[in-house]
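Order of the sequence lines fixes the chain letters, A, B, ..., with proteins taken first and strands second; residue numbering starts at 1 for each chain. Side chains are part of it too, since the values below use all heavy atoms of this structure and drop only hydrogens, waters and symmetry mates. What you are looking at is a predicted structure, and each value in this text was computed from that prediction instead of being measured.
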Amino acid sequence: MPELDKTYSPAEVEARIYQRWLDDKCFEADPARVSDKRPAYSIVIPPPNVTGVLHMGHVLNNTIQDILARRARMMGKEVLWLPGTDHAGLATQNVVEKTLKKEGRIKHRDDLGREGLIAKIWEWKDKHGDIIIEQLKRLGASCDWSRQRFTFDDDYNRCVMSVFVDLYKKGLIYRGKRMVNWCPSSLTALSDEEVVMKPQNAVMYHFKVQVVEEPDTWLTIATTRPEVIPGDTAIAVNPKDERYAHLIGKHVRRPLPVENQALLPIVGDEHVDFTFGTGVLKVTPAHDKADFEIAQRHSLPVIDVMHPNGVLNELAGQDLGGMERFAARKRAAELLAEIGSLVKEEPYQNNLGYSERADVPIESRLSEQWFLKYPSVKESQDVVAKGEMKFHPDRWAKVYDHWLSGIQDWCISRQLWWGHRIPVWTKTIMGTHAEVNQLCIELVFDTEKQTSEQEIDSIGISINGTRFDDAAVMPYLDKDESNEIKEFTIQVCTANSRYEANLNKNGFTQDPDVLDTWFSSWLWPFATMGWTGDKEKDSLNPTLKAFYPTTDLVTGPDIIFFWVARMIMAGFEWMGELPFKNVYFTGIIRDKQGRKMSKSLGNSPDPLDLIARYSADALRFGIMRGAPLGQDVLFDEKNVELGRNFCTKLWNAARFRQMQGGSSETEINPALLSSDDKWILLRLNTAISEVTTALEDYRFSDAAAALYRFFWSEYCDWYIEASKAVLQGGDEKRKANTLAVIDFVLGHTLRLFHPFLPFITEELWNGMGFNADMPGDQGGRSIMTAPWPKPLDADELAHFGILPEDEKTANDKYETVVLGRGLKSTFNINKKVRFVLKPVQELPAHEIEVIRILLNAEPLDIAPDFSPTRGTPSALTPLGTIYLPLDGLIDVEAERARVGKEVAKAEAELEKVTSKLADENFTSKVPQKVLDEHQQRKTDWEEKLAKLREMLTALG
RNA sequence: GCGGCGUUAGCUCAGUGGUAGAGCGGCUGCUUUACACGCAGUUGGUCGGGAGUUCGAAUCUCUCACGCCGCACCA
């Protein structure tokens with residue numbers, strides 16, 4: 001076996017090992033291998049944006065998924081971790097458009113046109129779309145890359161279309177003129193979830209208007225948006241408001257535009273809060289959601305005074321028309337002042353909706369959009385409420401439930417080009433009913449080939465807003481047989497290419513809008529597995545059969561509504577069951593100061609840079625150690641450094657083992673086990689249990705901490721040091737046995753670490769020859785498939801002759817060493833020095849040698865009758881009193897001070913426990929167990945105090 | 001405004017009724033042949049404030065304060 005390099009070279013190792021895993025197809029899932037004995041484990045990646053680059057959030061999220069996937073493999077499961085990317089409509093279109101503009105290739109997207117721009121974006125995708133995928137590989141992600149999906153792949157597109165048609169036919173999708181959140185920068189509608197409220201320093205403008213019927217009465221109105229006054233169509237007051245109720249039905253003159261001061265009615269509406277402002281509300285139906293509702297209740301006209309891009313239009317009048325909305329606001333206030341209407345303006349703090357992505361204030365805007373009534377809401381709500389699907393941490397279940405209880409229809413259309421185009425064609429014709437009937441029949445049946453039932457099923461038609469459940473029988477349902485010529489608007493929804501051709505031929509035009517990106521991502525868990533929507537085909541799909549529903553989903557809580565909730569609904573709606581059994585919500589990565597990581601703050605480190613400087617393993621371990629369940633992660637590069645240091649420690653510990661020579665992994669002879677051997681085997685047992693349960697509970701940082709503690713503080717600091725007593729001795733049999741224990745522990749440790757540190761563990765697993773005796777598919781080829789460690793069971797412990805109290809034997813020894821080292825340090829001794837131990841009972845020679853080595857004592861004398869010189873530093877240990885004889889170097893005063901401190905401490909502790917035990921209130925009420933504990937404690941302190949006082953006396 | 005989470009050593013966090021802990025940092029010493037990305041030692045906390053329950057509270061209850069995150073939102 002070649003010797004391990006003196007220093008570990010992660011860059012070389014990580015690249016080589018990852019390539020080997022790929023070449024050996026280690027990550028590829030095969031549904032045919034799934035059986036009762038080999039259950040499936042699956043997880044779908046939250047698809048990153050194709051234009052994205054790896055950030056710390058991805059590192060956290062994907063490291064967790066990789067840990068889950070790798071452990072599942074080691075547990076003998078058939079694992080599918082399905083990767084892919086998201087086309088991310090708005091974000092991607094923005095990126096490409098911006099780049100083209102920057103390069104001076106276009107001024108506006110219209111320069112390219114729809115087809116041209118889409119072609120450019122595909123070019124971009126082909127060139128840059130896999131950047132993030134390659135970065136995930138650097139991190140060590142064990143995804144089945146052969147199944148990589150993209151939400152805009154042809155197959156995926158078919159899923160989106162078929163789902164749309166299905167929902168259309170179910171009557172859940174409709175087109176409607178509604179108030180929507182409009183982004184004047186991106187020029188598209190947004191869903192409620194894409195709007196974030198931000199506090200604003202605004203100005204409240206108060207202006208007065210005269211009641212036409214009562215010239216002496218003036219009303220003052222407060223508004224933050226004077227620029228939309230030209231769009232006012234009424235004034236509203238609360239009918240219960242005594243100040244104004246009598247004015248209802250009368251009129252005021254609208255101040256703007258100056259050339260068109262229209263008369264506005266005063267209406268009574270309960271919505272008006274008469275405690276707010278002046279209690280008089282101006283109603284601007286085209287630019288405010290609540291106002292629009294008032295307008296509907298009172299049949300008020302709607303005047304839209306703004307272009308989609310936020311510039312006021314001609315209806316705003318000659319002064320404001322053509323002005324940008326914020327400039328127009330200032331101008332409107334000036335105009336009010338000029339005509340003497342402005343009463344006052346004062347600073348005012350309010351909350352304003354912003355487009356999450358473009359970061360500009362959104363406009364409430366009346367427009368025609370496609371909406372979806374959410375499907376399978378009840379099932380989705382119940383499955384989490386009843387705990388059939390678990391959220392970790394579970395408090396997110398409440399958030400989820402709350403959102404589902406109050407959801408509004410989802411605005412799914414976007415005025416973009418990059419996305420799944422809405423599969424709806426419309427045509428308006430003048431004709432008789434019979435002619436419309438005939439046209440519809442031709443649309444459905446008039447194709448060259450015979451129309452199958454399935455195809456008829458793939459089309460939905462509505463005429464003049466009335467939707468028909470079954471397109472095939474639709475024409476016959478309508479009994480209107482008059483020959484009157486009317487206008488008919490025919491809307492056809494289909495994803496069938498034969499119909500599409502037919503529609504185009506017949507002069508139908510397709511809706512220009514595309515679907516919200518999330519309308520494709522909500523199908524991710526099954527659309528990525530080759531789902532078609534055809535029940536028969538899907539039931540024969542081995543991937544779906546084996547891996548759906550998936551086991552775990554790992555994502556951020558920020559997309560619980562955008563993505564998680566909707567995926568659950570989609571799962572129920574099309575697969576008839578939940579899409580995943582567990583959802584793990586990661587924390588949000590923040591910097592050391594607790595600020596969210598952002599590009600503008602520049603506080604987000606580049607993971608690739610961290611990998612280059614510290615290794616992927618180090619990054620993974622560092623971030624997992626600092627990521628407690630349910631809390632945000634305060635990222636500090638120190639953690640990555642700690643990860644790197646840990647990997648180095650692991651490497652060196654392995655090198656130490658290798659330098660001892662001997663054949664690897666021989667049988668352990670129970671008769672030759674020392675107390676140290678038994679101790680480390682027991683500690684290993686504890687570590688295995690702790691790590692296993694922590695991972696079962698998704699407590700990754702606890703698992704990492706347990707591993708760190710075990711390997712560094714227990715195995716390296718104590719066991720390896722203690723084992724040097726044997727390894728540097730002359731007993732070859734004992735030496736071989738110690739090496740066998742070391743190999744046993746190392747082999748288990750590497751496996752425990754593998755999910756966290758995939759690269760270095762693989763390198764050492766093979767480099768140290770741990771793979772040698774394993775079957776090929778169980779660790780022989782790769783540690784990836786080595787079995788997950790189990791603690792020694794009762795039989796095995798019995799076989800090794802290990803009893804629980806064996807831990808104490810070694811612990812007593814180590815405590816003795818710590819106390820001895822303390823003496824050395826107190827007296828500033830940093831060379832080998834003589835120690836004397838006055839033991840309470842006889843000690844085996846081997847134990848003495850271990851203590852000697854750990855203490856770096858030269859020599860360690862065991863002297864039951866030792867009588868120290870006056871002032872000799874000493875310490876009470878579980879094994880007896882240990883002395884540090886310092887001939888001629890004794891500082892009696894220093895030693896007295898030191899022992900005096902200990903006496904004081906013992907006295908204080910004794911006092912505490914004694915007074916407790918003297919309190920009848922205490923002794924009469926506490927359980928026996930607690931009482932015994934306290935009594936024992938009292939005895940211990942008494943003994944210790946007595947001995948310490950003796951020592952003090954001995955000092956004179 | 002409603003809801004959630006948090007407040008423990010300088011920093012990041014464990015600890016959920018019975019002797020306050022870890023890692024990092026700080027300080028001191030150490031070229032001990034696996035490792036200075038290391039070893040050894042050591043410093044450091046009236047557990048956010050107050051009240052209550054209890055023999056006993058970091059832990060349970062109430063209350064206040066502060067911080068973060070959702071949701072709602074009125075011109």
Subject >> Test of ring centre spacing under 6.0 Å for A:H934 and A:F922 >> reply: yes
Original post:
Just to confirm, is there a sub-4.0 Å distance from OP1 or OP2 of B:C39 to any side-chain nitrogen or oxygen of A:W712?
Top reply: yes
Original post:
Rounding to a whole Å, what distance do you find between A:E909:CD and B:A20:C1'?
Top reply: 11 Å
**OP:** Please check the phosphate of B:G38 (OP1 and OP2 only) for any side-chain N or O of A:N645 closer than 4.0 Å.
**Re:** yes
Set out, line by line, the N/O atom pairs under 3.5 Å between protein and nucleotides 71-75 of chain B.
from, atom 1, to, atom 2, distance (Å)
B:C73, N3, A:N351, ND2, 3.0
B:A75, OP2, A:Y348, OH, 3.0
B:A75, O3', A:T224, N, 3.1
B:A75, O3', A:T224, OG1, 3.1
B:A75, O2', A:A222, O, 3.0
B:A75, N6, A:D273, O, 2.4
B:A75, N6, A:F276, O, 3.0
B:A75, N1, A:D273, N, 3.4

Original post:
Whole-Å distance between B:G70 C1' and A:I559 CD1?
Top reply: 15 Å
Original post:
With no hydrogens and no angle check, do the side chains of A:E641 and A:N645 hold a donor and an acceptor under 3.5 Å apart?
Top reply: no
Original post:
How do A:V930 and A:N639 order along RNA chain B: which one's closest nucleotide is nearer the 5' end?
Top reply: A:N639
**OP:** Side-chain contact test, heavy atoms from C-beta onward, threshold under 4.5 Å: evaluate it for A:L727 versus A:F656 and give yes or no.
**Re:** yes
Original post:
With a 3.5 Å cut-off and just heavy-atom distances, do the side chain of A:R644 and the base of B:C37 make a donor-acceptor pair?
Top reply: yes
Would you list the protein and nucleotides 27-34 of chain B atom pairs, both N or O, that sit under 3.5 Å from each other?
from, atom 1, to, atom 2, distance (Å)
B:G29, O2', A:N830, ND2, 3.1
B:A34, O2', A:N652, OD1, 3.1
B:A34, O2', A:R655, NH2, 2.8
B:A34, N6, A:E721, OE2, 3.0
B:A34, N3, A:N652, O, 3.2
B:A34, N3, A:A653, N, 3.4

Original post:
For B:C27, which nucleotide is its Watson-Crick or G-U wobble mate, given both distances must be under 3.5 Å?
Top reply: B:G41
**OP:** Among the candidates B:G23, B:G18, B:C55, find the nucleotide nearest to the side-chain atoms of A:L642.
**Re:** B:G23
Subject >> Heavy-atom check, side chain of A:I882 versus side chain of A:L823, under 4.5 Å >> reply: yes
**OP:** Assert yes or no for the condition that the ring centre distance of A:Y719 to A:Y814 is strictly below 6.0 Å.
**Re:** no
**OP:** Take atom CD of A:E346 as the centre, draw a 6.0 Å sphere, and report whether it contains more than 12 heavy atoms from other residues, nucleotides or ligands.
**Re:** yes
**OP:** Please report, rounded to the nearest Å, how far the C1' atom of B:U54 is from the NZ atom of A:K916.
**Re:** 12 Å
**OP:** With P as the reference atom in both, quote the distance from B:G67 to B:G21 in angstrom, rounded to an integer.
**Re:** 32 Å
Original post:
Side chain of A:K638: nearest nucleotide among B:G41, B:G23, B:C24?
Top reply: B:C24
**OP:** Would you kindly give the CH2-to-C1' distance between A:W396 and B:G6, to the nearest whole Å?
**Re:** 13 Å
Original post:
Would you call A:R243-A:D241 a salt bridge at under 4.0 Å N-O?
Top reply: yes
**OP:** Give a yes or no on whether a salt bridge exists between A:K813 and A:E815, defined as a side-chain N under 4.0 angstrom from a carboxylate O.
**Re:** no
**OP:** Answer yes or no: does atom NZ of A:K240 have more than 12 heavy-atom neighbours from other residues, nucleotides or ligands under 6.0 Å?
**Re:** no
Original post:
Expressed in angstrom and rounded to an integer, what is the separation of A:L823 atom CG from B:U42 atom P?
Top reply: 10 Å
Original post:
Is the centre of the A:H392 ring less than 6.0 Å from the centre of the A:Y698 ring?
Top reply: yes
Polar atom pairs between nucleotides 13-17 of chain B and protein, under 3.5 Å, N or O only, would you list them?
from, atom 1, to, atom 2, distance (Å)
B:A14, OP1, A:Q631, OE1, 3.1

Original post:
Can you check whether A:F561 and A:W403 have ring centres sitting under 6.0 Å from each other?
Top reply: yes
**OP:** Please determine if A:R937 and A:E933 form a salt bridge, counting it only when a charged side-chain N lies under 4.0 Å from a carboxylate O.
**Re:** no
